[in-house]
There are 2 protein chains.
Amino acid sequence: MKWSDLSDNWCPVARTLSIVGDRWTLLILRDCFLGMSRFEQFIESSGMTRHILADRLKRLVESGILERKAYSTSPKRYDYVLTDKGQELAPALLTLRDWGKKHMPVRRATSA
Amino acid sequence: MKWSDLSDNWCPVARTLSIVGDRWTLLILRDCFLGMSRFEQFIESSGMTRHILADRLKRLVESGILERKAYSTSPKRYDYVLTDKGQELAPALLTLRDWGKKHMPVRRATSA
DNA sequence: TGCCATAGTTCCAAAACGAAACTTACCTTG
DNA sequence: CAAGGTAAGTTTCGTTTTGGAACTATGGCA
């Protein structure tokens, strides 16, 4: 079965994961909750590659979790900001954070 | 950056996602919370392929989220059951479920 | 002996990914 | 005005991961 088929699954967990349940997407959203909104910020913060980020941002905008707002028209530049729908993923990020704090202690520090 | 490097990231969300933040893993855990514990049950419920499931189960056991308990010795057979550490992911699954219920309505029904 | 069930494992082609270079469009500085 | 810098992607290419299906192993049952 293809992962994308999950968007119409009977289970709401599966439907949610069809959007945010891949590598990187929740990390982008974490950065959004930390106040980031621009392509280069996400790149620097997460360490993901540029074309993967571009792909994920497109999907997030298509699914109504992020909104693409122009902040410059001369060279076209955009902010990616959480919609209300996106904001409501905060509890999910918080529970994942709490679990990580408790069950995933840091062994060595990393810069990224 | 490799995904596996996230396990030592400064951010607890990233560290959590280094274990459960890929496709399928959270779906397996959902099934565990629904009471499933066997290979064929996970296969039938989630629709993932057999060798991906085998890989994910191995990782989950290695990371202490599931425990592999023999329920038959003659042909060696195992139950995969949540550890305490795994049980504590329940809040995360519940928030993802709630978000899905609210923001991901079902378009067409699917069997899986 | 032959068929069924459970739990994997192996093989191959297709899709996704990581790294790095390239592109576009403007701005600044010499 | 040419050179270099910034922001936001896009392209290319080689490696990994995935999906699908077949195959294996072990034992039960008729």
Side-chain angles (χ1 to χ4, degrees), chain A residues 1-7 9 14 17-28 31-32 35-62 66-81 110-112, chain B residues 1-7 9 14 17-28 31-32 35-62 66-81 110-112:
Chain A
M1 187 217 265
K2 288 278 172 56
W3 180 262
S4 54
D5 295 344
L6 287 179
S7 60
N9 195 278
L17 292 176
S18 73
I19 298 189
V20 302
D22 70 317
R23 296 186 150 94
W24 303 119
T25 294
L26 283 172
L27 232 43
I28 296 171
D31 288 344
C32 291
M36 299 179 194
S37 64
R38 297 188 184 171
F39 197 91
E40 300 297 325
Q41 289 178 316
F42 296 131
I43 286 293
E44 190 183 2
S45 165
S46 69
M48 62 194 298
T49 61
R50 310 181 76 79
H51 76 301
I52 300 295
L53 175 61
D55 176 77
R56 295 301 187 277
L57 287 175
K58 188 152 60 85
R59 287 171 198 254
L60 284 168
V61 169
E62 283 169 0
L66 294 184
E67 193 184 345
R68 193 161 168 262
K69 290 185 173 176
Y71 72 88
S72 156
T73 47
S74 46
K76 300 229 175 206
R77 296 289 153 75
Y78 302 90
D79 278 316
Y80 294 90
V81 296
T110 55
S111 48
Chain B
M1 187 215 265
K2 287 278 170 55
W3 182 261
S4 54
D5 297 342
L6 286 180
S7 59
N9 196 279
L17 292 176
S18 74
I19 298 188
V20 302
D22 70 315
R23 296 186 149 93
W24 302 119
T25 293
L26 283 172
L27 231 43
I28 296 172
D31 288 345
C32 291
M36 300 179 193
S37 64
R38 298 189 183 169
F39 197 91
E40 299 298 323
Q41 288 178 315
F42 296 130
I43 286 294
E44 191 183 0
S45 166
S46 68
M48 62 193 298
T49 61
R50 310 181 76 77
H51 73 301
I52 299 293
L53 174 61
D55 175 78
R56 296 300 189 276
L57 288 175
K58 189 153 59 82
R59 288 171 198 253
L60 284 167
V61 170
E62 283 169 1
L66 294 183
E67 194 185 345
R68 192 159 168 265
K69 291 186 171 174
Y71 71 88
S72 157
T73 47
S74 45
K76 300 229 175 205
R77 295 290 153 75
Y78 301 91
D79 277 316
Y80 294 91
V81 297
T110 55
S111 49

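Naming convention: chains lettered A, B, ... in sequence-line order (proteins, then strands); numbering from 1 in each chain.
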Taking atom C1' of C:dG18 as reference, at what distance in whole Å does atom CG of A:L53 sit?
-> 14 Å
B:F42 side, atom CZ; B:I52 side, atom CD1 - distance, nearest 0.5 Å = 15.5 Å
To the nearest 0.5 Å, how far apart are CG in B:D31 and CH2 in B:W24?
-> 10.5 Å
A:C32 SG to A:L57 CG distance, which is reported to the nearest 0.5 Å | 7.5 Å
Taking 4.0 angstrom as the limit, do A:R68 and A:E62 come out as a salt bridge?
-> no
Given protein heavy atoms under 4.0 Å, the one-letter contact record of nucleotides 2-10 of chain C, with B base, S sugar-phosphate only and - none, is simply ----BBBBB
Please say whether the positively charged group of B:R77, taken as NZ for Lys or CZ for Arg, lies over the ring of B:Y71, i.e. under 6.0 angstrom from the six-membered ring centre and within 45 degrees of the axis.
-> no
Starting at the 5' end of DNA chain D and moving along, which residue's nearest nucleotide shows up first, A:R23 or B:P75?
-> A:R23
In whole angstrom, what separates A:R59's CZ from C:dA15's C1'?
-> 11 Å
Nucleotide interval of DNA chain D bounded by contacts with chain A (heavy-atom cut-off, under 4.0 Å) | D:dA7 to D:dG20
List in chain and number order the residues that pass side-chain contact (heavy atoms from CB on, under 4.5 Å) with B:V81, two or more places apart in sequence or in another chain; answer none if no residue qualifies.
-> B:S37, B:E67, B:K69, B:D79
If you measure from CD1 on A:I43 to CG on A:L53, what distance do you get to the nearest 0.5 Å?
-> 4.5 Å
Side chain of A:Q41, backbone of A:R38: donor and acceptor closer than 3.5 Å?
-> yes
